[in-house]
Colleague: 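First the structure, then my questions, so here it is.
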There are 6 protein chains.
Amino acid sequence: MSFLLRESLERFLAEDLGRGDATTNAVVPAEARGRGALVVRSAGIVCGLDVAREAFSVLDPAVDWRGDAPDGAAAEPGATIASISGNARALLSAERVALNLLQRMCGIATATRRYADAVAGTGCRILDTRKTAPGLRALDKRAVIAGGGKNHRFGLDDGILIKDNHLAVAGSVAEAVSRARRGAPALVKIEVEVEDEAALREALASGADALLIDNRSPRELGPLVALARSLRPEVPLEASGGVTLENVRAYAETGVDFVSVGALTHSVTATDISLELSIA
Amino acid sequence: MSFLLRESLERFLAEDLGRGDATTNAVVPAEARGRGALVVRSAGIVCGLDVAREAFSVLDPAVDWRGDAPDGAAAEPGATIASISGNARALLSAERVALNLLQRMCGIATATRRYADAVAGTGCRILDTRKTAPGLRALDKRAVIAGGGKNHRFGLDDGILIKDNHLAVAGSVAEAVSRARRGAPALVKIEVEVEDEAALREALASGADALLIDNRSPRELGPLVALARSLRPEVPLEASGGVTLENVRAYAETGVDFVSVGALTHSVTATDISLELSIA
Amino acid sequence: MSFLLRESLERFLAEDLGRGDATTNAVVPAEARGRGALVVRSAGIVCGLDVAREAFSVLDPAVDWRGDAPDGAAAEPGATIASISGNARALLSAERVALNLLQRMCGIATATRRYADAVAGTGCRILDTRKTAPGLRALDKRAVIAGGGKNHRFGLDDGILIKDNHLAVAGSVAEAVSRARRGAPALVKIEVEVEDEAALREALASGADALLIDNRSPRELGPLVALARSLRPEVPLEASGGVTLENVRAYAETGVDFVSVGALTHSVTATDISLELSIA
Amino acid sequence: MSFLLRESLERFLAEDLGRGDATTNAVVPAEARGRGALVVRSAGIVCGLDVAREAFSVLDPAVDWRGDAPDGAAAEPGATIASISGNARALLSAERVALNLLQRMCGIATATRRYADAVAGTGCRILDTRKTAPGLRALDKRAVIAGGGKNHRFGLDDGILIKDNHLAVAGSVAEAVSRARRGAPALVKIEVEVEDEAALREALASGADALLIDNRSPRELGPLVALARSLRPEVPLEASGGVTLENVRAYAETGVDFVSVGALTHSVTATDISLELSIA
Amino acid sequence: MSFLLRESLERFLAEDLGRGDATTNAVVPAEARGRGALVVRSAGIVCGLDVAREAFSVLDPAVDWRGDAPDGAAAEPGATIASISGNARALLSAERVALNLLQRMCGIATATRRYADAVAGTGCRILDTRKTAPGLRALDKRAVIAGGGKNHRFGLDDGILIKDNHLAVAGSVAEAVSRARRGAPALVKIEVEVEDEAALREALASGADALLIDNRSPRELGPLVALARSLRPEVPLEASGGVTLENVRAYAETGVDFVSVGALTHSVTATDISLELSIA
Amino acid sequence: MSFLLRESLERFLAEDLGRGDATTNAVVPAEARGRGALVVRSAGIVCGLDVAREAFSVLDPAVDWRGDAPDGAAAEPGATIASISGNARALLSAERVALNLLQRMCGIATATRRYADAVAGTGCRILDTRKTAPGLRALDKRAVIAGGGKNHRFGLDDGILIKDNHLAVAGSVAEAVSRARRGAPALVKIEVEVEDEAALREALASGADALLIDNRSPRELGPLVALARSLRPEVPLEASGGVTLENVRAYAETGVDFVSVGALTHSVTATDISLELSIA
């Protein structure tokens, strides 16, 4: 769906360019050429090089680009992850947008990889959330995949997640699941958020397709997982709430299938990447 | 320019809603009412409550909202910063977008305040950069103001910043400034990036309106500032590169007018804020 | 999500108005008032009155509207299903768009009701498909619900449906399901299309969440349903291909959970509804 | 105006794709190639192959396409009307939108051809109406041409049609025509809707450029046509209301120039066309 | 179609505001109120006050506005044509866009009135052309009406105008008109451009609905008009080419129905109007 | 930023085309080719040929174009400034939009050149204003550059201009400048509008970066300029109000740096340029 990505990139470039790059247009001749290298300054997981390339190509469709590291590759400080040549004005004017996106995506992928590594061998997968930067969800979620995570819902329509407020309105888990089953499209699953044993039993009995166990410490989580496995072993279990890089393995070792981590996308540390340019 | 904010919010809501909030539409009656409180979980500076309110009002134009803390107010953990009541479906369906924006804006304001506090009394101001989340620049920059910072350029058109690549093309600082002076709109200033004494002298001689001294340690910066003040005392000086919360005061104490900090907006830690809802 | 509906309606009105309603603007004074009644001419199921109302209100925000029959109500020929009064130019200029939408939605609801009635008592539900008029999917699918049907996927992203081409690429059902399970968001189900017993057995063994049995006559379908129930009774079964109002009950009586009918939305007979206006 | 068609196609594809084709992206490698044939399953008139091609080319600009049957060609069941090869993901992801449009356009052309054949030799032409699917008017009207029909107005601005409500406001036909003549652009014609002899005489006397005789049976229509021809033989006459494939010839034989048929576009039976794909 | 006007106004305001009115936002408190008067500085015809009002109301929906002079009213220097009060920031920030539109519309109306006055009593009407400022056609053409002129085509679709290039391709006037008659929608007229007697005779014989006689002096035009009247008196005649305020009456006195004047909209002198504001 | 220009051109073409060029589509075969020359009919400065070319290329991406006179070149009557060949329908359908833009841009450049010539040798530069045609500001301002002028602000955000109303609200020039200095982005200058000596002294004392002296005759202006030079010689001075081609030199000779002229863009005389086409 590159036409949707391109539409976003044009909006982002317009935001930065305003009425145009006053410095570059005044100082750099229209026909000048430039070449550059994207160099990683802090170790991390690469993600989104094609997005950066596309940002440059909006301003210079003939830009020459080398070295698409695939999403998920690891890069050491000093590594050149792509080289580019093209119209000098285009390179200078698109640089900031390209880097802003690339640094964020690499930052998310890098953080996700740390979480994924922390749970390696447990069979548990790291899930993202909908706590993404508005307007950037598709890119944020793609970066989670690059880091070895898995995507939870992309939005409010491609999955049913019955939370405490929904339960309160419906009056019971059974009623909420029943309403959801009636009204939802045929191929979306119904996940129910539970916090204690009673709710967990009720949710499993209601025919929920998945459970989200929220706000339990790893110690509290263990018995709930065991109970759920004994009742309906095929139901996927997700844990959330208060998960950090330090405690994520303890969560994973409770036997849950998924741990979801909002910080992957709501609190991103940009990977330090610079564009080393020379203009001819 | 609320019409532009609204257009952005509609795009953000559409991103999250997709074809609609499948859970809420199935479980919550169309006429149900809800009320809620926005509660801060970690101490921070408030910013963007009107943006959150507007997000809810896209889905329920009649939403009732109380308690607009002004941008820049400090909030302690547990503080209720706003209360809301309205159509229950609207509250549930807009919650995530509203919080994603609010938590980011508060996070930026909070970080900026820490930097501003660190340089308090020096006369130096904290500047932001163009390293913002694409699509969110206006909100990111507003949050910097809320935190006590000052905005550098909003884009490539409302200021001239001549960097090393521009200088290389022009051949000399004098030529670059001369081209910029000819081509730029009448009311934008010309800032020149310099790294050493020779460049600083040349830039001041060229008639630049401001200088950005990049990549110098506070120790190296001091003599450059003194020199610039002796030559053209009216020219504002900005330092950038490698600034952290730990060293920012040392930079400020060199006597520069501004220190710019990319991390304010490229590496944001979201403030923890939750919406405590009850549905009738 | 009325802001999305409104955006569509504005586009539809712009399509019909072009540079404006030349006849009405020339002949009808700007301040003239009109009142009218929406009268059904052929028996049918009502759906979409609020959409029609919204179309009028784009041109006259103060339009007065009475009588929202809920989606799904039955109307006899001659029945007035809504009355309206407002600016005469607005009523005349929006009439065609309002009726074009309303007649299509009622037509879809009416056809769906016939199919739903035909399978009444069997426990089988009528499903729609993605064979909708481009740009009108949300309205088309809402009309299916109004007629008593259920929605299959809204698009290519809120459900996995592995068809013959996907299977051919993957090499086996097991491999295709495995790839889908890895790549898909956490809350979408995986449905596999099968045409014969071998494929059905393989799909059930692969862990598919649902089966679509395509292009089988009711007679052929029966044994396949029985087999599937004996192997994995919890897996929903859908039949499709060659379904008509005449044979749909035979399909339903095989015990499938769903029968999908493309004609509900790809071949719509508009319900005859007229707007009886009088202008003051 | 392919840029407008492309904009519509991108909107239609976005509607179907949502956040992307989850099945295809998970199962089919990015570099896989596919080839396919568009095969007609029910006899009909071809229309819109270039629209289908363009839908595919939005997702794969390098798609290879063979065999553009011109609009209006007849196709027998089993006929291959086009073949395509390109990126496999693009073919799979664009298939439904391409077919939904093509099947509708062929369906309209096919129905129009039946009406056109029914009046062959009478000199009467079949006209469409504004009863089209909102958002699809340009394509719907193009299909009418392909079937041998003629287009009435494209919207409310490229022709004046004075109906009963306009007449009621103006007070008389003469006044309505006079207002329209004053206010309308210089090159649009003024058509007046009449139902009986008195109105027909008045409309002709008023200088109307064309007459629409509504809701008369062929038997009633004949004398009105004769009268109009005797008074102003150069004025085109259009009949509408209650026209079916069975009675359209009787209408045509009254000597009217045009018969307009709303069902051509408001009640479309999609032509059965399938895409036979093989993926390499 | 105020929703289309509003969309244009939002685009125009966004063009002027960029990221916001830096001066006003810094200097004027958010809650300050202002009141003002729109005062005409040079005599002219008023047109577009509602457009100006709507521009202000985009930024302050509650703006209070008095004194809608209708389109076409004459105003003397010093006349106050409207008064306004509302949020001071909104008044200051929307002022330029509102005035730019109003001054252009009044300028066009004023020029048109001069031409209309020059041909008063001849029965000839002044027509506009498609030589409008791109993006402003609807407003430009409305101003022509306000000045007493009449609109020619609004675009390339609401009238057929066969020019020399079309004739050259078709090979003859008869063939060109015949093709146009076949292909055009039912209610648009066919006008043919001619420059000499032979072409005029051929065009009248072909059944053209109107003639445009281009590039003839009034002296040359007279005999051509007389000839056309003798052959087909009902066919409207339009003259164009080289028309000025000085010679327009001579053109009109040849007996043509219309004279078209490109300068009305391609070379506009803005009416001098100022907004006299006081801020509280 | 050709993607933004292209978006504007598509909007302008859509405005003119409506549902398409009815004449050309009916009369000219789809495969016909045309060639043409853009010929200047009145002497002027060329500006915007690339804009015209891009307008044609929206409808025919393969259009062949020769002879890009650079912005600012002078052309005599009869001069061919570009030649074009391509699809005949595309040339005919895009002609009007291309010419409307080109004629306006050349007209603005030509007028600006007259003003620039009138002040030649004085060191004074001609400035434009924000009195541009809404939607065309970027093109209008580019034409001013082509004519030898200089751009003032592009919008309300890339410069601070404190006018009388702002001063009235702030209470004093010092307060207004102080507020602006605090709130404005770091690189925009602060210009203050003054009308008399007291205000001028106050503004210079406040630290304003530039002064606009409004509504003074050249005779009155002289002493004010001298005073300003004596107080703060580095501050640029701009004169505005009542400037005409006749008196502009007198203004320039007072020693101001800039004279701004609203008429450059608010009252444009289109340069007469025609497209001489031949269709094969």
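Sequence lines set the chain letters: A, B, ... in the order given, protein chains first and strands last, and positions in each chain run from 1.
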Colleague: Is the shortest heavy-atom distance from the side chain of E/L92 to the side chain of E/L277 under 4.5 Å?
Modeller: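 Yes, their side chains come closer than 4.5 Å.
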Colleague: In the structure I gave you, are the side-chain heavy atoms of A/V261 and A/L127 within less than 4.5 Å of one another anywhere?
Modeller: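 Not in contact.
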Colleague: Measure the shortest side-chain to side-chain distance between E/F56 and E/L275 over non-hydrogen atoms and say whether it is less than 4.5 angstrom.
Modeller: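 When only atoms from C-beta onward are counted, E/L275 and E/F56 do touch, with a gap below 4.5 Å.
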Colleague: For A/A73, enumerate each residue passing the side-chain contact (heavy atoms from CB on, under 4.5 Å) test, keeping only those at least two apart in sequence or located in another chain.
Modeller: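 A/A73 satisfies side-chain contact (heavy atoms from CB on, under 4.5 Å) with A/A69, A/P70 only.
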Colleague: Chain A and chain E: which donor-acceptor pairs fall below 3.5 Å?
Modeller:
unit_1, atom_1, unit_2, atom_2, d
A/E15, O, E/R19, NH2, 3.0
A/R19, NH2, E/E15, O, 3.0

Colleague: Answer whether the closest heavy-atom distance between the side chains of E/V51 and E/L102 falls below 4.5 Å.
Modeller: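 Sidechains of E/L102 and E/V51: no contact.
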Colleague: If we only count heavy atoms from C-beta on, is the A/F12 to A/V58 side-chain gap below 4.5 Å?
Modeller: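 Not in contact.
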